[in-house]
Amino acid sequence: MNLDPPFSDPGIPDGERTGYRGTIGDREVGTGELLVEAADARYVARLQTRILGDFNQAIEMTFARAHGLVRATHYRAESRDGERPVSVE
């Protein structure tokens, strides 16, 4: 039984950015940006979020690429309340 099967490589171009915005009613309460670095052998995806001004989260995920498939190889997440660290995974 494979608990971490690879999945099809989506072919994300190097430098692709996706912006996020969260709202409650008409009020913006959060923003985020995902940036992907693509190379022949891997992707590195970095996600930065900010919620309600003080809560920040930075996530980095690395995926190995081979034979048209990708597999997660690294994950790190850090959450902060302002400058105070809350959690690191």
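It should be emphasised that the depicted structure is a prediction, and the values quoted were computed from it without experimental measurement. This chain uses plain numbering: 1 for the first residue, then up along the sequence.
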Exercise for the section: Under the side chain to side chain contact (heavy atoms under 4.5 Å, CB included) rule, collect the residues that match up with Ser79, sequence neighbours excluded. Expected result: Phe55, Gln57, Val86, Ser87
Practice task
Quick one: list whatever passes side chain to side chain contact (heavy atoms under 4.5 Å, CB included) with Glu83, sequence neighbours left out.
Solution key: none
Per-pair distances, 0.1 Å, donor-acceptor, side chain in residues 11-31, under 3.5 Å, sequence neighbours excluded:
| from | atom 1 | to | atom 2 | distance (Å) |
| --- | --- | --- | --- | --- |
| Asp14 | OD1 | Ala38 | N | 2.9 |
| Arg17 | NH1 | Glu33 | OE1 | 3.0 |
| Arg17 | NH1 | Glu33 | OE2 | 3.2 |

Fill in the blank from the handout: With sequence neighbours left out, the residues meeting side-chain hydrogen bond (donor to acceptor under 3.5 Å, both in side chains) with Asp40 are none
Problem - Enclosure of Arg42 CZ (heavy-atom neighbours >12, cutoff 6.0 Å) - result: no
Handout entry: Connected via hydrophobic side-chain network under 4.5 Å: Phe7 and Val36
Key =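 Yes; Val36 is reachable from Phe7 via cluster members.
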Exercise for the section: Report whether Tyr75 and Leu47 are members of the same hydrophobic cluster (ILVMFWY, side-chain heavy atoms less than 4.5 Å apart, transitive linking). Expected result: yes
Problem - Residue pair Val70 / Ser8: nearest heavy atoms and the distance that separates them - result: CG2-O, 4.2 Å
Fill in the blank from the handout: Between Asn56 and Gly82 the two heavy atoms that sit nearest each other are ND2-O, 3.8 Å
Listed pairs under 3.5 Å, donor-acceptor, residues 58-68 side chains, sequence neighbours left out:
| from | atom 1 | to | atom 2 | distance (Å) |
| --- | --- | --- | --- | --- |
| Glu60 | OE1 | Arg46 | NE | 2.9 |
| Glu60 | OE1 | Arg46 | NH2 | 3.3 |
| Arg65 | NE | Asp9 | OD2 | 2.7 |
| Arg65 | NH1 | Ala39 | O | 2.8 |
| Arg65 | NH2 | Asp9 | OD2 | 3.0 |
| Arg65 | NH2 | Tyr43 | OH | 3.3 |

Exercise for the section: Could you list the residues that satisfy salt bridge (charged side-chain N to carboxylate O under 4.0 Å, His left out) with Arg50, not counting sequence neighbours? Expected result: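 With neighbours one apart ignored, the set is empty.
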Practice task
Give a yes or no on whether the backbone of Leu52 and the side-chain of Asp54 come within a donor-acceptor separation of less than 3.5 Å.
Solution key: no
